Amino acid sequence: MSCANYSSLNRAQLTFEYLHTNSTTHEFLFGALAELVDNARCVSDTNVYASLCIKTNLGFALSLIADEAASVIQFGKSAKRSPESTQIGQYGNGLKSGSMRIGKDFILFTKKSNTMTCLLLSRTFHEEEGIDEVIVPLPTWSVWNREPVSDNMEKFAIETELIYKYSPFKTEQQVMEQFNKIRGEKGTLVIIFNLKLMDNGEPELDVTSDPRDIQMAETPPEGTKPERRSFRAYAAVLYIDPRMRIFINGHKVQTKRLSCCLYKPSQEVSTSHRFYHSLLHICACILSFTPEEKAREAESKARAFELRLGGDLTRESRVTLRQVQNSAITMRREADVKKRIKDAKQRALKEPKELNFIFGVNIEQRELDGMFIYNCSRLIKMYEKVGPQLEGGMACGGVVGVVDVPYLVLEPTHNKQDFADAKEYRHLLKAMGEHLAQYWKDVAIAQRGIIKFWDEFGYLSANWNQPPSSELRYKRRRAMEIPTTIQCDVCLKWRTLPFQLSSVEKNYPDSWVCSMNPDPEQNRCEAPEQKQKLPLGTLKKDSKSQEEKQKQLSEKIRQQQEKLEALQKTTSVRSQADLKKLPLEVSTRPAGEVIGIPLWATLLYKGLHVEVRVNKEWFTGRVTAVEIGKHAVRWKVKFDYVPTDTTPRDRWVEKGSEDVRLMKPPSPEYQSPDTQQEEEVVVAEPSTSECVGIEPDTTGPSSGQETVDLLVQILRNCLRYFLPPNFPISKKELSSMSSEGLLAFPLHQEGLCASSVPVVAQNQAQLPLPLQQCCAAL
């Protein structure tokens, strides 16, 4: 069937309201501006210039080198989508979504292949004309004679008339003046106008407070990171290794390589198989399409159509044949690209991923610390706190981390402000936290004294957010530790300048070139760029002895008990009625099925490490809740790890069944990311008459010593809970007591009396059944 026969069928139209919907992905306004800068980056040529400037009557103009203008209006088309590409942006959507986030309308002027093309994408035009489907005027002129290039002059006249009516340029002469601003043989000028306003009628972007900058309107400098307030500051760190020049209102942005701006920078290499599932998901998405089958089908249709034509060589049949053949060629190209991407990602599955973390101390502004995470050299997340930085102390304070994550490892979201796979991103942050802690040990700031260290660089105030002293001696001290690194304005190579006292506080010109370098070996553009030499750190896993591991486990138990002690101090529990008043979670199971659970029952089992069989596979986990029925005791087990989304992450199991067994607790330094949440305690209304005894389960595969270890833990927990405040042995001493000491514990001691909570326990026989069995087992 001819493609022409489909012209009468319905089409999925792209309405102009989608232009607004598409732009709402950019919550961060500078992220929308960054999309325009991204489009100025060329895949093959690093010597690219972007000029962002202010026009008082037009809004913003971004001069950039881009692909042919026709691709701008094709949503989803991107020349960067190939396995070999190192450029971020795989969706062909950034220019449209970014520009529509900044303003209602934009006009684009581009020169390429001896032609000049103008493109208008205007929501104002659609609203005033009442047009629902997106229409984009796209007239073209010849570079040589400025004559129209079109085989339909009526269409050309309509397009130019719309541009004169709805753009800021009302005549052909004004339009040609914009092309004249593109000085080279090729290039693109984008102008966004009818900027979006705030509720007070002012633009969201402040272009008047600082003529050298674009700032976020109504954003106070206090307490706001500079990159979230100043586009100049954001553009300076937008790329991990900048190779382009950016101008704001005619003033060059002094871009930075963050790793060259830090004190004692060091590189840590992280090797992990953790990203396997992320890669597998990406491959599955690719395999879900059938580009190869579509290509073969299109080629088959083209051959069949050619045979069916036979000797029919009319103009209409030739045009149709050419369309069918071109469609087959396009699909074959897409299939080849998809296959190369799939093959590259499947090869990547077989190898562990290496990520290079670079850490260093920001001695210039210590309050600006955290992780800067790039994807394909483009900044995605900044100031992310990890590891010790999350604890709020001075440990690792002032440390900045930098990592460039490949597209094969983590895929960014469409707005390039986050990562699509949140779980794998959390694992990345966890790995960075571990390496950050190792860097902090290696740099030995804590050993020297943290306060003393910061005093040395002029941080004399106890207020962490206060800037360092501006005295010359402190400025010199900071400058001695961080050499000046600057980029040549011609070759775009980075040069490290030798330290000179005269260079302290020196302002370098925008157009700095290699010949200005005082280093004779680096004062010409032909000289090779020197690589930054970074010491290589190694993550050292603590090899703890069994005694140290047991001590660490006891410390965790002690912390849990302290929470209960704090509750005991604020709440008097001397009877079953008092126990009802405790602010504990109540089970939501049907009435009559759950029997009251005394508080000590939940203490015995909470945190026990078990294995549960699900679908013939055993999964490790921890007991986080207990329910006691009339005929059985149930545990709620939170699994450490499940391989698929179809396997539940927790499950209620019957204690003593064949599907559950006790196991030895893992090393105390290990904790699965999925179990780092607060444990759940389910307590129903206690009932003395219906409480059944809870005994430690020793039917699992644990050895005799492991069983004793578990019983010792349970006994210690019970004793700590029932110990009265005036008992001669402190709870601290009880925590450190050995197994032999616990055996000799004076349960008949005077003082362990009716004041104990919640059960009177004056001798071993009066203790709760689990405690009696613990003592008997020991």
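Everything numeric here is computed off the predicted structure, so don't read it as measured data.
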**Stepwise side-chain contact (heavy atoms from CB on, under 4.5 Å) test for C514 and R495** = CA-CA 8 Å; C514 290; R495 305 297 187 190; 3.4 Å; yes

**Prompt:** Can you list the steps and then say if D442 with K264 is a side-chain contact (heavy atoms from CB on, under 4.5 Å)?
**Reply:** CA-CA 10 Å; D442 295 342; K264 295 283 187 182; over 6 Å; no

**Message:** For a side-chain contact (heavy atoms from CB on, under 4.5 Å) check, start with the C-alpha distance between F28 and M216, then their side-chain angles and the critical distance, and finish with the verdict.
**Reply:** CA-CA 10 Å; F28 183 41; M216 203 76 73; 3.8 Å; yes

**F357/L436 under side-chain contact (heavy atoms from CB on, under 4.5 Å): CA gap, chis, key distance, verdict** = CA-CA 9 Å; F357 303 142; L436 172 63; over 6 Å; no

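Summarising the geometry of V269 relative to H435, their closest heavy-atom pair is O-CE1, 3.5 Å, with the distance given to 0.1 Å. Contact detail for S259 and I358: the closest heavy-atom pair is CB-CG2, 3.9 Å. Taking both residues in full, the closest heavy atoms of A444 and Q447 are given as CA-OE1, 3.2 Å, listed atom of the first, atom of the second, then distance. Considering all non-hydrogen atoms of both residues, E481 and I363 come closest at CB-CD1, 4.0 Å. The heavy-atom pair separating D38 from R378 by the smallest distance is OD2-NE, 2.9 Å. Closest approach of P535 and S266 over heavy atoms only: O-OG, 3.2 Å.
A donor-acceptor pair is defined here as one N or O able to donate and one able to accept, closer than 3.5 Å; no such pair exists between the side chain of K475 and the backbone of S469. Remark: side-chain polar atoms of N375 are not paired, donor with acceptor, to backbone N or O of P412 under 3.5 angstrom. Checking side-chain atoms of N249 against main-chain N and O of P211 turns up a donor-acceptor pair under 3.5 Å. For the pair R366 (side chain) and W464 (backbone), a donor-acceptor distance under 3.5 Å is present. D404 places a side-chain N or O within 3.5 Å of a backbone atom of C376 that can act as its donor or acceptor partner. Between the side chain of D206 and the backbone N or O of A217 there is no donor-acceptor pair closer than 3.5 Å. In this structure, K385 contributes its side chain and D369 its backbone to a donor-acceptor pair below 3.5 Å. With hydrogens and angles ignored, the 3.5 Å screen pairs no side-chain donor or acceptor of W512 with any backbone N or O of N517. With hydrogens and angles disregarded, a donor-acceptor distance shorter than 3.5 Å links the side chain of Q389 to the backbone of V399. Under a 3.5 Å cut-off, the side chain of R448 and the backbone N or O of F453 do not form any donor-acceptor pair.
Using a cutoff of 4.0 Å between basic side-chain nitrogens and carboxylate oxygens, D640 and R622 are not scored as salt-bridged. Taking a cutoff of 4.0 Å between a charged side-chain nitrogen and a carboxylate oxygen, K452 and E456 do not qualify as a salt bridge.
Screening V253, T255, L492, D510 against R245 for a side-chain contact (heavy atoms from CB on, under 4.5 Å) leaves a single residue, L492.
Of the inter-residue distances, the one linking E384 atom CD with L390 atom CG reads 9.5 Å to the nearest 0.5 angstrom. Taking CG from L355 and CD from E268, the interatomic distance works out to 12.5 Å, rounded to the nearest 0.5 Å. In this structure, CZ on F419 lies 6.5 Å from OH on Y425, to the nearest 0.5 angstrom. Here W454 contributes atom CH2 and I445 contributes atom CD1; the two are 6.5 Å apart, rounded to the nearest 0.5 Å. Q532 contributes atom CD, which lies 7.0 Å from atom OG1 of T485 (distance to the nearest 0.5 angstrom). Between atom CD1 of residue I192 and atom CG of residue L36 there is a gap of 4.5 Å, rounded to the nearest 0.5 Å.
Side chains of Y508 and Q254: no donor on one and acceptor on the other come within 3.5 Å. Between the side chains of N415 and T413, at least one donor N or O sits under 3.5 Å from an acceptor N or O. Checking D213 against S230 by side-chain atom types alone, a donor-acceptor pair falls below 3.5 Å. In this structure, a donor-acceptor pair under 3.5 Å is absent between the side chains of Q530 and T496.
Applying the salt bridge (Lys or Arg N to Asp or Glu O under 4.0 Å) rule to pairs touching residues 248-263 yields D241-R257, K252-D489, sequence neighbours excluded.
For the pair L205/L33, a side-chain contact is recorded, criterion being any heavy-atom separation below 4.5 Å from C-beta on. For the pair V504 and F499, the minimum side-chain heavy-atom distance is below 4.5 Å. Counting heavy atoms from C-beta outward, K430 and R426 have side chains that stay 4.5 Å or more apart. Side-chain atoms of Y374 and V237, non-hydrogen and from C-beta on, do get closer than 4.5 Å to each other. Between M382 and E227 there is a side-chain heavy-atom pair separated by less than 4.5 Å. Between M371 and V403 there is no side-chain heavy-atom pair separated by less than 4.5 Å. Using a 4.5 Å heavy-atom threshold, the side chains of D421 and L410 count as touching. Residues M100 and F106 have side chains in contact (heavy-atom distance under 4.5 Å, counting atoms from C-beta outward).
Aromatic rings from Y263 and F457 are positioned such that their centres are separated by under 6.0 Å.
Judged as a ring-ring contact (aromatic ring centres under 6.0 Å, His included), and not counting sequence neighbours, the contacts of F619 are F639.
A cation-pi contact, defined as under 6.0 Å to the ring centre and within 45° of the axis, is absent between R228 and F30.
Other residues, nucleotides and ligands place more than 12 heavy atoms under 6.0 Å from the NZ atom of K493.
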